[in-house]
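Working notes, structure below.
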Amino acid sequence: MFPLKRMLSMREAAEYVGITPRRLRSLRLVGAGPHAAMRHGRKAMFRIEDLDEYVDGLYRRANISHTEQARQRTEWRGRLAALPDDARARLSDSFMQIVTRDELLEKGANRGFRVLFLGGLCLIFLSHTPLIWRL
């Protein structure tokens with residue numbers, strides 16, 4: 001198969017995984033989620049293999065067997081196939097929403113605390129500079 005045919009755009013990758021495109025963008029922003037294989041201009045492209053590996057890791061983390069994973073993923077793809085293209089972007093897999101929210105909170109909280117810590121250090125530094133005292 002031609003290599004770019006195995007690549008999915010952000011919207012297609014979110015649909016493939018079972019989350020909304022906004023959730024996938026948020027995961028990428030905090031350094032979580034599936035690995036983007038390449039950037040085509042400003043758009044991130046994802047390999048199907050990387051998406052499958054990411055989903056498999058989430059199922060392993062939730063301690064769900066491969067047979068149950070296969071059943072759930074087949075059911076998800078069946079529901080997607082029954083919908084028209086415009087309705088697919090609004091539909092999301094509830095299990096994937098839960099586990100990606102957990103990952104988003106885990107990684108996002110770490111980044112958030114770092115930003116707050118650095119902001120506090122900047123505030124302490126600026127409060128002790130004479131330039132601020134004159135204002």
(message) Return the CG to CD distance between L24 and E12, rounded to the nearest 0.5 Å.
(response) 12.0 Å
(message) Would you compute the distance between atom CG of L104 and atom CD of Q97 and round it to the nearest 0.5 angstrom?
(response) 10.0 Å
(message) So V55 and W76, do their side chains get closer than 4.5 Å, heavy atoms only?
(response) no
(message) Using 0.5 Å steps for rounding, measure from the CD atom of E15 to the CG atom of L51.
(response) 11.5 Å
(message) Using 0.5 Å steps for rounding, measure from the CD1 atom of I98 to the CD1 atom of I19.
(response) 13.5 Å
(request) Determine the minimum heavy-atom distance between M7 and A37, stating which atoms define it. (result) CE-CB, 3.6 Å
(request) Report the residues that fulfil salt bridge (charged side-chain N to carboxylate O under 4.0 Å, His left out) with R25, sequence neighbours left out, ordered by chain and then residue number. (result) none
(message) If the condition is salt bridge (charged side-chain N to carboxylate O under 4.0 Å, His left out), which residues does R47 pass it with, not counting sequence neighbours?
(response) D50
(request) Give the minimum heavy-atom separation between A13 and F46, together with the two atoms involved. (result) CB-CD1, 3.5 Å
(request) First locate atom CG of L116, then atom CZ of R114, and finally report the distance between them rounded to the nearest 0.5 Å. (result) 12.5 Å
(request) If a pair satisfies salt bridge (Lys or Arg N to Asp or Glu O under 4.0 Å) and one of its residues is in residues 100-110, list it, with sequence neighbours excluded. (result) R61-D102, R61-E106
(request) Please indicate whether R79 has more than 12 foreign heavy atoms, meaning atoms of other residues, nucleotides or ligands, lying under 6.0 Å from its CZ. (result) yes
(request) Find the distance between CG (L118) and CZ (F113) and round it off to the nearest 0.5 Å. (result) 13.5 Å
(message) If you compare all heavy atoms of M45 against all heavy atoms of S9, which two are closest, and at what distance to 0.1 Å?
(response) SD-CA, 4.1 Å
(message) Between I64 and F95, is the side chain to side chain contact (heavy atoms under 4.5 Å, CB included) condition met? List the steps.
(response) CA-CA 11 Å; I64 295 177; F95 173 76; 3.6 Å; yes
(request) Among Q72, E68, Q69, H66, find the one that has a side-chain hydrogen bond (donor to acceptor under 3.5 Å, both in side chains) with Y59. (result) Q72
(request) Look at the side chain of R28 and the backbone N and O of H35, then say whether any donor-acceptor pair between them is shorter than 3.5 Å. (result) no
